[in-house]
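Both ligands and their constituent atoms are indexed starting at 1 by order of listing. We count residues from 1, following the sequence as given. Keep in mind that the numbers below use all heavy atoms, side chains included, and drop hydrogens, waters and symmetry copies.
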Amino acid sequence: MSQGGPAAAARVCSTEAQSIAATIARESGVRVGRSSLRLRNPANDGPAWVTDWLRAQGERPAAGVTGIERVEGSVAHVLRPIPVEGVCVTCHGPADQIPAEVREVLSAAYPRDRATGYQPGDLRGALWAEVALGPGRVVEPQP
Ligand code: HEC
């Protein structure tokens, strides 16, 4: 953002976000992702437990929303709510607050973008991680 401006940053996000998640999964065995009720990239649709959490929250302010840390069978789930901050509005705010050159990049890369219209303080979605627990792997369940 500070070097190339928001349009360049949006391009980086559109090319790098998916491959960063894929690299983490390949190198560590941990599946990670960011998801939302209103997706920009349909590929960010999460596993069912993440979608269930998002639906249970609905569209609301992020204040007071807590995440998940639990072991389900042999799989650990971790989820953190993602609040909208001031800087996010450049790319996720109401259309009239998104600079024209950013709108161009976004509509070219995401013809079905639903991730606009947010205000600071809104719940944007969730950062989630999932890992299968094998022998020798110890995770302390959170209270
Ligand atoms: C420079 C533009 C830009 C800014 C600023 C920006 N985003 Fe995004 N955001 C994107 C793009 C592009 C994607 C789609 C990435 C992809 O293809 O996976 C995205 C995707 C996401 C996703 C994944 C879910 C989805 O809709 O596909 C979340 C969650 C998200 N952004 C939250 C935020 C938050 C919170 C902030 C502020 C802290 C923020 N973004 C700031 C451009 C931006």
Contact region, Leu39 to ligand 1, non-hydrogen atoms below 4.0 Å, reads both

Looking at ligand 1, is there an atom of it that comes within less than 4.0 Å of some heavy atom belonging to Pro42?
no

Sub-4.5 Å side-chain heavy-atom contact between Val30 and Glu130
no

Could you tell me which atoms of ligand 1, counted from 1 in the order shown, lie closer than 4.0 angstrom to a heavy atom of Arg38?
26 (O)

Taking only heavy atoms of Pro83, which atoms of ligand 1 are found under 4.0 Å from at least one of them?
35 (C)

Residue pair Ile98 / Thr90: nearest heavy atoms and the distance that separates them:
CG2-O, 3.2 Å

Spell out, as yes or no, whether a donor-acceptor pair under 3.5 Å connects the side chain of Arg38 to the backbone of Thr116.
yes

Any idea which atoms of ligand 1 are less than 4.0 Å away from a heavy-atom of Pro6?
1 (C)

His92 side-chain N/O to Tyr118 backbone N/O, donor-acceptor pair under 3.5 Å
no

Polar-atom distance check: Asn41 versus ligand 1, any N or O pair below 3.5 Å?
yes

Minimum side-chain heavy-atom gap Pro6-Met1 below 4.5 Å:
yes

Proximal candidate to atom 27 (O) of ligand 1 [heavy atom criterion; set Asn44, Leu37, Thr15]:
Asn44

Under 4.0 Å from one or more heavy atoms of Gln18, ligand 1 contributes atoms 16 (C), 17 (O), 18 (O)

In ligand 1, which numbered atoms sit nearer than 4.0 Å to a non-hydrogen atom of Ala9?
1 (C)

Where on Arg114 is there a heavy atom closer than 4.0 Å to ligand 1, on the side chain, on the backbone, on both, or on neither?
neither

Is the closest N or O pair between Arg124 and ligand 1 shorter than 3.5 Å?
yes

Using a 4.5 Å cut-off on heavy atoms from C-beta on, say whether the side chain of Val65 contacts that of Gln57.
yes

With only distance considered, is Tyr110 within less than 3.5 Å of ligand 1 through an N or O on each side?
yes

Quick check: do Asn41 and Tyr110 have side-chain heavy atoms less than 4.5 Å from each other?
yes

Would Cys88 count as a contact for atom 8 (Fe) of ligand 1, in the sense that one of its N, O or S atoms lies under 2.8 Å from it?
no

Atom 2 (C) of ligand 1: closest protein heavy atom, distance to 0.1 Å, is Cys91 SG, 1.9 Å

When you measure from the side chain of Ser19 to the backbone of Glu16, do you find a donor-acceptor pair of N or O atoms at a distance under 3.5 Å?
yes

At what distance is the nearest protein heavy atom to atom 10 (C) of ligand 1, and which residue and atom is it?
Arg40 NH1, 3.5 Å

So for Arg11, does at least one of its heavy atoms come nearer than 4.0 angstrom to any atom of ligand 1?
no

Carboxylate-amine/guanidinium contact Glu69 Arg80, below 4.0 Å
yes

Ligand 1 to His92 polar contact by distance, N or O atoms, under 3.5 Å:
yes

Can you report which non-hydrogen protein atom sits closest to atom 20 (C) of ligand 1, along with the distance?
Arg34 NH2, 3.3 Å

Val87 neighbourhood, listing ligand 1 atoms whose heavy-atom distance to it stays under 4.0 Å
5 (C)

Using modelled atom types and a 3.5 Å cut-off, is there a donor and acceptor pairing between side-chain atoms of Arg112 and backbone atoms of Arg40?
no

Is any side-chain heavy atom of Gln119 closer than 4.5 Å to one of Val84?
no

Give yes if a backbone or side-chain nitrogen or oxygen of Glu85 is under 3.5 Å from a nitrogen or oxygen of ligand 1, and no if not.
no

State if Ile82 counts as touching ligand 1 under the rule of any non-hydrogen atom under 4.0 Å.
yes

Closer than 3.5 angstrom, by distance alone: can the side chain of Asp122 be matched with the main-chain N or O of Arg124 as a donor-acceptor pair?
no

May I ask you to say whether Arg70 pairs ionically with Glu72, meaning some side-chain N is under 4.0 Å from a carboxylate O?
yes

